[in-house]
Number of protein chains: 4
Amino acid sequence: MERIASNKPKRTATEIAEQIKSLVEDPKLVEQRRKQITKAAIAAFIRHGYHPCTIRNIAKQAQVSVGLIYQYVGDKEDLLFLALVEILRAYKEGIPSAVAGVDEPLQRFCTVVRAYCTIHSGSPDATTLAYRETASLSKERRDAIKQLEVETNQLIIDPIRACIAAGIFERHINEDVLCYQIVMFSHTWALKAWNLQPRMTLETYLEDGLRLMLGGVMTAKGAEQYGVLTGNAKP
Amino acid sequence: MERIASNKPKRTATEIAEQIKSLVEDPKLVEQRRKQITKAAIAAFIRHGYHPCTIRNIAKQAQVSVGLIYQYVGDKEDLLFLALVEILRAYKEGIPSAVAGVDEPLQRFCTVVRAYCTIHSGSPDATTLAYRETASLSKERRDAIKQLEVETNQLIIDPIRACIAAGIFERHINEDVLCYQIVMFSHTWALKAWNLQPRMTLETYLEDGLRLMLGGVMTAKGAEQYGVLTGNAKP
Amino acid sequence: MERIASNKPKRTATEIAEQIKSLVEDPKLVEQRRKQITKAAIAAFIRHGYHPCTIRNIAKQAQVSVGLIYQYVGDKEDLLFLALVEILRAYKEGIPSAVAGVDEPLQRFCTVVRAYCTIHSGSPDATTLAYRETASLSKERRDAIKQLEVETNQLIIDPIRACIAAGIFERHINEDVLCYQIVMFSHTWALKAWNLQPRMTLETYLEDGLRLMLGGVMTAKGAEQYGVLTGNAKP
Amino acid sequence: MERIASNKPKRTATEIAEQIKSLVEDPKLVEQRRKQITKAAIAAFIRHGYHPCTIRNIAKQAQVSVGLIYQYVGDKEDLLFLALVEILRAYKEGIPSAVAGVDEPLQRFCTVVRAYCTIHSGSPDATTLAYRETASLSKERRDAIKQLEVETNQLIIDPIRACIAAGIFERHINEDVLCYQIVMFSHTWALKAWNLQPRMTLETYLEDGLRLMLGGVMTAKGAEQYGVLTGNAKP
DNA sequence: TATGAATGAGGTTTCATTCAT
DNA sequence: AATGAATGAAACCTCATTCAT
């Protein structure tokens, strides 16, 4: 869709969002209205999908007029962007608060995985929306969203590195592969709920998956620790 | 969107596809034209996305007139359905031909994983399309597509079971979780190409991932065999 | 065209018209715009015929945009329905106001006939439109339109009965046949204007026709009265 | 639709029909195929209405291919014209054969009325079609159809004149008005079948109508004769 | 600032007509 | 002569966006 490989310095998602133009001056009001509209947009996009969703759908959901939306946002794509940023932001912010105070590397790793997975399982539709509709954004915005994803991934990679450094995980493992393994493991519960949910609980899924992933990466020392944590002799 | 929970016997994807009505009688011609149109539709949907893609885009891609498409298909959604069925059919058929003649369980498992991943990496856009746009189908068709997915998954689950039966994989592993682990592992290379491709080759990705997954599920006996297969002392 | 014999309670034309959904809330505006659009639709349907007439034709005639029409009406058939209802409503309302204050039965009968005929002759194209295009409506709406016709016929049958009761018309005459005789007599002037207008005036047509019809139904007493009314010794 | 008042010599319906161009040479075949296609067109136009009816509908009805129709006819309007001509021709030809051998003026008049009415009641849909769709023709063809109607009317006017000449009908009656009275009386049974048929038989309708019309036009001498004919002392 | 009526470009779909076989 | 697949113009309708109030 975009032919021109622009060399503009890349803007972050936050910068792009801040530069979305609003006809309204009062920043307080802009923030409040945007929040309200974005929330409605997420709900409406989830219900209908981005393209089939109309501005009227969103206005109705937000209990405002169509015109009001265009006071705070330039076009429909802006709404999608704000929606996706909001979804990813929630994911990204959810993890640190879940692992706060958990310092031991393996435990921290497990907590991150559980948190990440739990967060996604809490709003599977939003996860699905992000999957489906990121491609509907312009390149710059798509890239900014990807960058958010990368930053979130970092929250997973850090504990992996800590585990490696602590000798709990094998030294030679590919941290990117493992990270995406975890990411996709979490998304899978959301994306494939129709197949998985009838067959197991989130807890079973999480623990079985965790054991499976850990089994592939732990050192003997790590395995020992994991046994202590879970009460099992062996992962 | 659909309110009525119909109790009609579910039709398979193939049945639905066969019942898409064509104004043209000659079955030979119908098959040939549908193939041509479906191929064009896949390309056009990949380029634009389903909703933004116009029938004229597809007609142009297929080098036929707009009217011709409607001689072979009832509406735009039929085109999406045919496109997705074709994509999944290719995936499903690709695996058996790849593992033909490989009988040893572990080797068969590894071959399946490699085949599955390679197939998806060969047409990452199609994988992405299937991910994004299945939701744009009516419920019956969405379900039929999911069923195709389940059938393909079976091609992965079978070797898993064989490995368990052969004592190569741990008895207690959750085969569904492992299966989806593999599925998502393969899709990830397609979906997250933008992040992964700059950092590793498909081969690295595959072998690192395979080692990671196997490490979590293999018995001591399995590990020994794996060492023999790969020339490594230890996975 | 309609297969299902529904047992829903039949809605009147007015009810159906009121239930045509509009995206605009303000009832005042809806009424005004609908009136404007219906008027334009009548003109456009008369000019082109219902099927060949395009929404753009109507929009142009009404001096509004195409989109505006769809704010006040669901589809093209709604426009036809509103047009026909408006036409028949005008006919139906025209009669009572014409005969107001005329109480003597025979005179009232003659006045009704003259009024009915004059009204139709005033907008022969509209009469023709109603004739041609009622069949283009869905069954329910067609039935509602027929019901309007029946109600209008009643305005003719009532004076007939009064004349019979007053001994002016023969007791044994078939009031339905006479009624339709009058109805068709009136429509004929509109429908067959191309043949009749060059050969006589509406007045001639009316008086000759009236004399003809009265001659067939009047008693001796009636004939006497008619002579007094017209100044002729004999009808 | 047509702005230009052309001064071309008017062609009769038969001439126009004969000049409709056919790609096929053999006149025998042309006649046979046209007959087949016209018959199918009448049925299809009755079922769907002219505009909604597709060429495919007609081809199917005629059990021929779409292409074949265009070998014998220039366009869709030709089909409508041929259909209407055929319908009116049947009406026109039906009357003389019905009155053949009836020479007494009053009896001949009554026979014509009964024949005309019976013919129309036999194919009410065709009557309705002629009413609705004549307007869909080009002006020249519309005029030619009207001319056919005029010629048919002459078959009614002739007996009226004979009755006047014989002193059976009043000398001063308007023969055009009476003629159309009869025409519309006959059409009414077809057009308003939905209202009339549940309430009376064609026989009742005919005799009540005939008595009504005759009552308006007969001289004393005529009334006497009518009494002899019907066995009633008085119309 | 907020509203929602108005606009019109553009998408899907139909179908009269053509033309290669 | 007959077929029916192919064409593409044009219709209906939707909906993102604007603008007067």
Side-chain angles (χ1 to χ4, degrees), chain A residues 22-26 29-30 33 51-60 63-79, chain B residues 22-26 29-30 32-33 51-59 63-79, chain C residues 22-26 29-30 32-33 51-59 63-79, chain D residues 22-26 29-30 33 51-60 63-79:
Chain A
S22 168
L23 298 177
V24 175
E25 310 275 309
D26 178 6
L29 189 52
V30 171
R33 285 294 201 190
H51 287 289
C53 184
T54 68
I55 300 291
R56 284 178 68 117
N57 292 146
I58 296 167
K60 191 165 204 175
Q63 306 201 49
V64 298
S65 67
V66 168
L68 182 132
I69 290 176
Y70 282 89
Q71 301 260 354
Y72 293 94
V73 130
D75 59 20
K76 194 182 170 188
E77 207 210 88
D78 287 348
L79 291 172
Chain B
S22 168
L23 295 179
V24 175
E25 307 277 309
D26 179 11
L29 187 55
V30 171
Q32 179 215 312
R33 284 294 199 191
H51 287 290
C53 184
T54 70
I55 300 291
R56 293 177 70 117
N57 291 147
I58 296 168
Q63 305 201 54
V64 297
S65 68
V66 168
L68 181 133
I69 290 177
Y70 283 93
Q71 299 248 10
Y72 294 92
V73 133
D75 59 21
K76 194 183 170 188
E77 207 210 90
D78 287 347
L79 290 173
Chain C
S22 168
L23 295 179
V24 176
E25 307 277 307
D26 179 11
L29 187 54
V30 172
Q32 180 215 313
R33 284 293 200 191
H51 286 291
C53 184
T54 70
I55 300 292
R56 294 178 71 118
N57 291 148
I58 296 168
Q63 305 202 51
V64 297
S65 67
V66 168
L68 181 132
I69 290 177
Y70 284 93
Q71 299 249 11
Y72 294 93
V73 131
D75 58 20
K76 195 182 169 188
E77 207 210 88
D78 287 348
L79 290 173
Chain D
S22 169
L23 298 178
V24 176
E25 309 276 307
D26 177 7
L29 187 52
V30 171
R33 285 294 200 188
H51 286 290
C53 184
T54 68
I55 300 291
R56 284 178 68 117
N57 292 147
I58 296 167
K60 191 166 203 174
Q63 305 200 51
V64 297
S65 67
V66 168
L68 183 132
I69 291 176
Y70 282 90
Q71 300 260 357
Y72 294 92
V73 132
D75 58 21
K76 193 181 171 189
E77 206 210 270
D78 286 348
L79 290 172

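Here is the naming used below: chain letters follow the sequence lines, and residue numbers restart at 1 for every chain. The analysis underlying the following values was restricted to heavy atoms, covering all of them including side chains, and did not include hydrogens, waters or symmetry mates.
If you take CD of B:Gln32 and P of F:dA5, they are 12 Å apart, rounded to a whole angstrom. Residue B:Glu25 contributes atom CD, which lies 15 Å from atom C1' of F:dA6 at whole-angstrom precision. What separates CG of A:Asn57 from P of E:dG4 is a distance of 16 Å, to the nearest Å. If you take CD1 of A:Ile69 and C1' of E:dA2, they are 12 Å apart, rounded to a whole angstrom. Rounded to an integer number of Å, the gap from A:Leu79 CG to F:dA16 P is 10 Å.
In this structure, the side chain to side chain donor-acceptor pair (under 3.5 Å) partners of C:Thr54, at least two apart in sequence or on a different chain, are C:Asn57.
The phosphate of F:dG4 has neither OP1 nor OP2 within less than 4.0 Å of any side-chain N or O from D:Ser65. Contact annotation: C:Tyr72 side-chain N/O to E:dA5 OP1/OP2 distance is not under 4.0 Å. Checking the phosphate oxygens (OP1, OP2) of F:dA6, a side-chain nitrogen or oxygen of B:Arg33 falls inside 4.0 Å.
We find the CZ-CG distance between A:Arg33 and A:Asp26 to be 11.0 Å, quoted to the nearest 0.5 Å. Between C:Arg56 atom CZ and C:Ser65 atom OG the span is 10.5 Å, to the nearest 0.5 Å. Atom OG of C:Ser22 sits about 8.0 Å away from atom CG of C:Leu29, to the nearest 0.5 Å.
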- Using a cut-off of 4.0 Å between protein heavy atoms and nucleotide atoms, how would you tag nucleotides 13-21 of chain E 5' to 3' with B, S and -? BBSSBB---
Tabulate below the donor-acceptor pairs under 3.5 Å that side-chain atoms of residues 72-79 of chain A make, not counting sequence neighbours, or state none.
residue : atom : partner  : partner atom : Å
A:Asp75 : OD1  : A:Glu77  : N            : 3.2
A:Asp75 : OD1  : A:Asp78  : N            : 3.1
A:Lys76 : NZ   : A:Tyr50  : O            : 3.0
A:Lys76 : NZ   : A:His51  : O            : 3.1
A:Lys76 : NZ   : A:Cys53  : O            : 2.8
A:Glu77 : OE1  : A:Arg141 : NH1          : 3.3
A:Glu77 : OE2  : A:Ser138 : N            : 3.4
A:Asp78 : OD1  : A:Arg141 : NH1          : 2.7
A:Asp78 : OD1  : A:Arg141 : NH2          : 2.8
A:Asp78 : OD2  : A:Gly74  : N            : 2.8
A:Asp78 : OD2  : A:Asp75  : N            : 3.3

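Remark: DNA chain F takes part in the stems E:2-21 with F:2-21, each of 3 or more antiparallel Watson-Crick or G-U pairs, criterion distances under 3.5 Å.
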